[in-house]
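First the structure, in the form of structure tokens, and then the observations on it.
Here the structure is a predicted model, which means the values were calculated and not measured.
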Amino acid sequence: GWNTGDYWQSEMALASTLWQLLQPGEVLLADRYYGCYRVLALVQARGAHAVCRLHASRRADFRRGQRLGPMDRLLTWSRPKELPAGLSQEQWLAFPATLTVRLVRVRVEEKGFRTRTVTLVTTLLDAQKYPPSALAALYRRRWQVELTFRQIKISLGMEHLAVRSPAMIQRALAMHLLAYQLSRAL
């Protein structure tokens with residue numbers, strides 16, 4: 001699924017309309033913005049899982065929690081006291097009081113990558129079934145998706161859309177996506 005909005009609409013508000021598309025057992029692969037309590041709780045409530053980079057507001061303390069391996073820990077997060085934007089007090093209190101997550105720090109040893117270590121947070125808790133190397137490879141695929149989107153935008157001249165209204169943006173995006181799929185089919 002995908003969603004668009006106007007310039008002033010938040011990414012989280014747009015994403016919140018897509019949570020119902022997650023099916024039990026699926027894995028949400030997302031960037032740092034989604035590696036927070038709110039998203040992980042929503043994904044788990046759907047019976048799905050998530051692999052994200054740890055949100056910038058969270059500290060990675062590998063001295064706490066259950067040790068699964070080097071730089072691999074099970075932690076229990078408590079629901080933050082601060083009410084997130086876009087949620088009512090009742091909705092926020094309906095979230096679980098605690099959440100068990102796994103923190104994994106992996107090294108990036110590929111030329112051209114600015115970041116040398118990445119801290120992932122995931123709801124995939126089994127270290128035997130999902131070793132850190134597999135989580136790192138999966139997160140690497142997320143970056144490949146970003147690069148593919150960038151390449152599509154460049155090859156189709158989508159860096160700047162010459163439209164102003166949300167309806168026209170939707171049409172322009174749909175036409176560019178159709179053109180890209182047709183060129184790929186050829």
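Within a 6.0 Å sphere centred on CD of Glu146, other residues, nucleotides and ligands contribute more than 12 heavy atoms. Counting heavy atoms of neighbouring residues, nucleotides and ligands inside a 6.0 Å radius, atom CZ of Arg142 exceeds 12 of them.
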Taking it one step at a time, do Val39 and Met12 satisfy side-chain contact (heavy atoms from CB on, under 4.5 Å)?
-> CA-CA 9 Å; Val39 171; Met12 191 62 77; 3.6 Å; yes

Could you walk me through whether Arg171 and Val163 pass the side-chain contact (heavy atoms from CB on, under 4.5 Å) check?
-> CA-CA 10 Å; Arg171 288 184 188 120; Val163 295; over 6 Å; no

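The CD atom of Gln91 sits 3.5 Å away from atom OG of Ser88, with the distance rounded to the nearest 0.5 Å. Taking CG of Asp31 as the reference point, atom OH of Tyr139 lies at 6.0 Å (rounded to 0.5 Å). Separation of atoms CZ (Arg184) and CG (Leu186) is listed at 11.5 Å; rounding is to 0.5 Å. Atom CG in Leu54 sits 7.5 Å away from atom CZ in Arg32 (nearest 0.5 Å). Atom CG in Leu147 sits 11.0 Å away from atom CD1 in Ile152 (nearest 0.5 Å). How far NZ of Lys153 is from CG of Leu173: 10.0 Å, rounded to the nearest 0.5 Å.
Between His55 and Tyr33, the ring-plane angle classifies as tilted under the 30° and 60° cut-offs.
Taken together through direct or relayed side-chain contacts under 4.5 Å among Ile, Leu, Val, Met, Phe, Trp and Tyr, Val51 and Val104 form part of one hydrophobic cluster. Both Leu87 and Tyr34 belong to a single network of hydrophobic side chains, linked directly or stepwise wherever heavy atoms of I, L, V, M, F, W or Y lie under 4.5 Å apart. A continuous path of ILVMFWY side-chain contacts below 4.5 Å connects Val43 to Trp92, so both sit in one hydrophobic cluster. When hydrophobic clusters are built by joining Ile, Leu, Val, Met, Phe, Trp and Tyr residues whose side-chain heavy atoms come closer than 4.5 Å, directly or via intermediates, Leu83 is grouped together with Leu42. Leu99 is connected to Leu28 through a chain of hydrophobic side-chain contacts under 4.5 Å among Ile, Leu, Val, Met, Phe, Trp and Tyr, so both are in one cluster.
No side-chain donor-acceptor contact under 3.5 Å links Tyr180 and Gln151.
A 4.5 Å side-chain heavy-atom check between Pro96 and Tyr37 finds at least one atom pair inside the cut-off. Between Pro80 and Arg58 there is a side-chain heavy-atom pair separated by less than 4.5 Å. The closest side-chain heavy-atom distance from Val106 to Met71 is not below 4.5 Å. Taking the side chain as every heavy atom from C-beta outward, Phe62 and Arg67 never approach each other to under 4.5 Å. Contact of the Leu29 side chain with the Val145 side chain is not registered, since no non-hydrogen atoms from C-beta on lie closer than 4.5 Å.
A side-chain donor-acceptor contact under 3.5 Å links Arg46 to the backbone of Trp19.
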Which side-chain N or O atoms in residues 119-136 pair as donor and acceptor under 3.5 Å with protein atoms at least two apart or in another chain?
{"residue": "Thr119", "atom": "OG1", "partner": "Arg105", "partner atom": "NE", "Å": "3.0"}
{"residue": "Thr119", "atom": "OG1", "partner": "Arg105", "partner atom": "NH2", "Å": "3.4"}
{"residue": "Thr122", "atom": "OG1", "partner": "Ala50", "partner atom": "O", "Å": "2.7"}
{"residue": "Thr122", "atom": "OG1", "partner": "Leu124", "partner atom": "N", "Å": "3.0"}
{"residue": "Thr123", "atom": "OG1", "partner": "His49", "partner atom": "ND1", "Å": "3.2"}
{"residue": "Thr123", "atom": "OG1", "partner": "Ala50", "partner atom": "N", "Å": "2.9"}
{"residue": "Asp126", "atom": "OD1", "partner": "Gln128", "partner atom": "N", "Å": "3.0"}
{"residue": "Asp126", "atom": "OD1", "partner": "Lys129", "partner atom": "N", "Å": "3.3"}

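The shortest heavy-atom contact between Ala85 and Arg38 is O-NH1, 3.0 Å. Closest of all the heavy-atom pairs between Ala41 and Phe95 is CB-CD2, 3.4 Å.
Take His176 and apply the side-chain hydrogen bond (donor to acceptor under 3.5 Å, both in side chains) test, not counting sequence neighbours, and it matches no residue.
Among Asp61, Thr100, Leu103, the one residue that satisfies the side chain to side chain contact (heavy atoms under 4.5 Å, CB included) test with Leu75 is Leu103.
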